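First up is the structure itself, then whatever we jot down about it.
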Amino acid sequence: MKSLFILNNPTKLDACLNAMSTQDGLLLIEDAVIATHHSGLSCVTYALEEDLIARGLSQLVKQHLVNSNIKIIDYTQFVELTLQYDKTVSWL
Amino acid sequence: MKSICIIFNKVPYGSQSSRELLDIALMAAAFDMPIKALFIEQGVLQLINKQQPEVLDIKNHSATFKALELYGIEEIYVDANALNNYQLTHDDLMPIAELIDNNAISEHIQQSDFVLML
Amino acid sequence: MAIFSLLVTATPYSAQGQFSALQFVRVAINNGHSIKRVFFYADGVLVASRLNHPPSDEINLTKAWAKLAIEQDIDLVVCVTAALKRGITNHAEAERNALTGENLDPAFEISGLGQLTEAMLESDRLITFG
């Protein structure tokens, strides 16, 4: 089963990555959007655009991510993304 | 029936969330859902023997962990790596959980229909 | 189109989770999905007090949930054990437990954890906001 891990706390990123399997995806929301620069993000990773915009980080992160595989998605895509995975795991 | 994996990852008593998470596990058991309980990272400390939160006037919920089996929750696993990090051994814990490694933790999460933390 | 249920455990105002959950519900409905139930648990139940009264230039989360629930006919359920522990009660629970007063916003109902399990089993996805 493919899981979408949803992380809202950047301090728990390592523990979350540890629990993931290779086919899983990671969605960074709330404060965890600041973790987009983390070097260990080898999994499919998404960051929630509204949370980046709210924190004034949208442009910065987009420039930074030009050559990265992290995708910036909005709430509409967030809702649809949960359906592309078999389940979500909110890592608290 | 869909299965559920309940993950305990907090130190007991500083937060009460494990107590409320335990209630979700018991309710899922009442619905006959297959349940796995995982104790990982700091959550391994939930299983230490001889907890005495009574000295702080906090209710001791660790007795309920011992009774999980009575509720039909028999798959209980503890993160061996985390035990090591806290210099604990299996003997320091209530004898209810099986030691597993990180890969097995990921597999249990992967196999379950629902995964809940609190 | 899919059926979602949400588990909301985030404490209102001190954390973002309630705002995120509201946003998720609004967008899911706009996109044609349906919400079976939003189940409030742990500190998440605090949002159900009709006495929550933030300054007028801040969003009132209780009213935001209530508006959404009424417009879209969404089931907002508060866990009875978690709620009573934190001073959230309706008239019936106040009487049963000999408490004076009641503060549950009428858009919310108080029920047991079984409502969460049922929502999990009857929805396509359960999303937790903690």
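Quantities reported herein were computed from a predicted structural model and do not represent experimental measurements. Naming: A, B, ... by sequence-line order, numbering from 1 per chain.
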So does Asn18(A) get a backbone contact from the side chain of Asn102(B), meaning a donor-acceptor N/O pair under 3.5 Å?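 Answer holds: yes.
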Can you measure from [atom1] ([X]) to [atom2] ([Y]) and round to the nearest 0.5 angstrom?
| X | Y | atom1 | atom2 | answer |
| --- | --- | --- | --- | --- |
| Trp91(A) | Asn9(B) | CH2 | CG | 6.0 Å |
| Ser21(A) | His108(B) | OG | NE2 | 11.5 Å |
| Ser106(B) | Leu17(A) | OG | CG | 10.5 Å |

Would you indicate whether the side-chain heavy atoms of [Y] and [X] approach each other to under 4.5 Å?
| X | Y | value |
| --- | --- | --- |
| Gln110(B) | Met20(A) | no |
| Lys87(A) | Val115(B) | yes |
| Ile109(B) | Phe5(A) | yes |

Which portion of [X] sits near chain A, non-hydrogen atoms under 4.5 angstrom:
| X | result |
| --- | --- |
| Ile7(B) | side chain |
| Asp113(B) | both |
| Leu38(B) | neither |

Does [X] [atom1] have over 12 foreign heavy atoms under 6.0 Å away?
| X | atom1 | result |
| --- | --- | --- |
| Glu69(B) | CD | no |
| Gln52(B) | CD | no |
| Phe31(B) | CZ | yes |
| Lys62(A) | NZ | yes |

Between chain B and each of Leu92(A), Val89(A), Thr88(A), Asp24(A), count heavy-atom pairs under 4.5 Å; write down the option with the most.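 Going by pairs under 4.5 Å, I would pick Leu92(A).
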Closest approach of Glu41(B) and Ala15(A), non-hydrogen atoms and distance? OE2-CB, 3.1 Å
Heavy-atom contact with chain B under 4.5 Å, split by part of Lys2(A): neither
